[in-house]
Chemist: 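My questions will all concern the structure given below.
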Amino acid sequence: MPPDGDRGAPGANLLSERVTNEIRQLILSGELAPGDRIGQEALAERFGTSRIPVREALKQLENEGLVSLVPNSGASVAKLDLSECLEIYKIRELLEPLALSEAIPHMSDVDIEELQQAALAIEKTKSSGEFL
């Protein structure tokens with residue numbers, strides 16, 4: 001296994017991406033709840049890696065709005081109140097159709113078919129986890 005701290009190592013980006021996906025799943029599944037503190041050392045041990053990929057993952061998840069990083073205090077799962085959630089969804093309702101209309105002319109027939117299948121699956125789901 002390449003050293004985790006070696007950003008030039010071929011597997012370093014894959015490791016960071018894997019850790020990011022794992023932590024994201026812990027948050028989206030509710031295993032890490034809003035407001036929970038995120039221990040870098042515990043996650044590094046859980047994933048069998050150093051703290052460096054965990055730190056990189058937490059920075060990425062902060063950019064996605066899933067994690068709050070506070071200097072000298074650590075990381076926690078982001079909390080949103082109802083008004084923030086409503087505001088985010090109002091913005092998404094406006095931006096997502098625009099993004100889709102801009103993207104469709106550049107998509108292949110296969111891409112469009114995959115989107116249609118995803119939309120059908122979303123309509124049929126009853127689980128918020130599956131929806132996400």
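We're numbering straight along the sequence, starting at 1. Computation of the quantities below employed the complete heavy-atom set of this structure, encompassing side-chain atoms and omitting hydrogens, waters and symmetry-equivalent molecules.
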Chemist: Can you list the residues that meet the side-chain contact (heavy atoms from CB on, under 4.5 Å) rule with Glu84, with sequence neighbours excluded?
Modeler: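 Listed in chain order: Leu80, Asp81.
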
Chemist: Is it the case that more than 12 heavy atoms not belonging to Glu62 sit under 6.0 Å from its CD atom?
Modeler: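 For Glu62, atom CD is crowded (more than 12 foreign heavy atoms under 6.0 Å).
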
Chemist: Looking at side-chain heavy atoms only, is the closest gap between Gln117 and Glu114 below 4.5 Å?
Modeler: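 When only atoms from C-beta onward are counted, Glu114 and Gln117 do not touch, as no gap falls below 4.5 Å.
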
Chemist: Applying side-chain hydrogen bond (donor to acceptor under 3.5 Å, both in side chains) as the test, list every pair that has at least one member in residues 22-33; sequence neighbours left out.
Modeler: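 The answer is Asn21-Arg24, Arg24-Glu64, Glu31-Arg46.
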
Chemist: With a cut-off of 6.0 Å (strictly less than), are more than 12 heavy atoms of other residues, nucleotides or ligands near CG of Asp109?
Modeler: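 At most 12 heavy atoms, drawn from other residues, nucleotides or ligands, come within 6.0 Å of this atom.
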
Chemist: Can Leu28 be reached from Phe47 by stepping across I, L, V, M, F, W or Y side chains whose heavy atoms are under 4.5 Å apart?
Modeler: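 Yes, same cluster.
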
Chemist: Does any part of the side chain of Leu15, heavy atoms only, come nearer than 4.5 Å to the side chain of Thr49, both counted from C-beta?
Modeler: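 They are in side-chain contact.
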
Chemist: Strictly by side-chain hydrogen bond (donor to acceptor under 3.5 Å, both in side chains), give each pair with a member in residues 99-108 just once, sequence neighbours left out.
Modeler: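 Residue pairs with at least one partner in residues 99-108: Ser108-Asp111.
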
Chemist: Please identify which of these residues, Ile52, Val54, Leu61, Leu14, meets the side chain to side chain contact (heavy atoms under 4.5 Å, CB included) condition with Val19.
Modeler: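 Single side chain to side chain contact (heavy atoms under 4.5 Å, CB included) partner of Val19 among Ile52, Val54, Leu61, Leu14: Val54.
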
Chemist: Is there a donor in the side chain of Gln60 and an acceptor in the side chain of Glu56, or the other way round, less than 3.5 Å apart?
Modeler: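 Note: Gln60 and Glu56 side chains miss the donor-acceptor criterion.
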
Chemist: Would you say the side chain of Leu43 lies within less than 4.5 Å of the side chain of Gln40, judging by non-hydrogen atoms?
Modeler: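 In short, these two side chains do not touch, never coming nearer than 4.5 Å.
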
Chemist: Are side-chain heavy atoms of Leu100 and Leu115 found at a separation under 4.5 Å?
Modeler: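 Result yes, sub-4.5 Å side-chain heavy-atom pair found.
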
Chemist: Less than 4.5 Å apart, any side-chain heavy atom of Val67 and any of Ile27?
Modeler: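 Yes, their side chains come closer than 4.5 Å.
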
Chemist: Hey, what do you get for CZ (Arg18) to CD1 (Ile23), rounding to the nearest 0.5 Å?
Modeler: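 Between Arg18 CZ and Ile23 CD1, I get 10.0 Å after rounding to 0.5 Å.
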
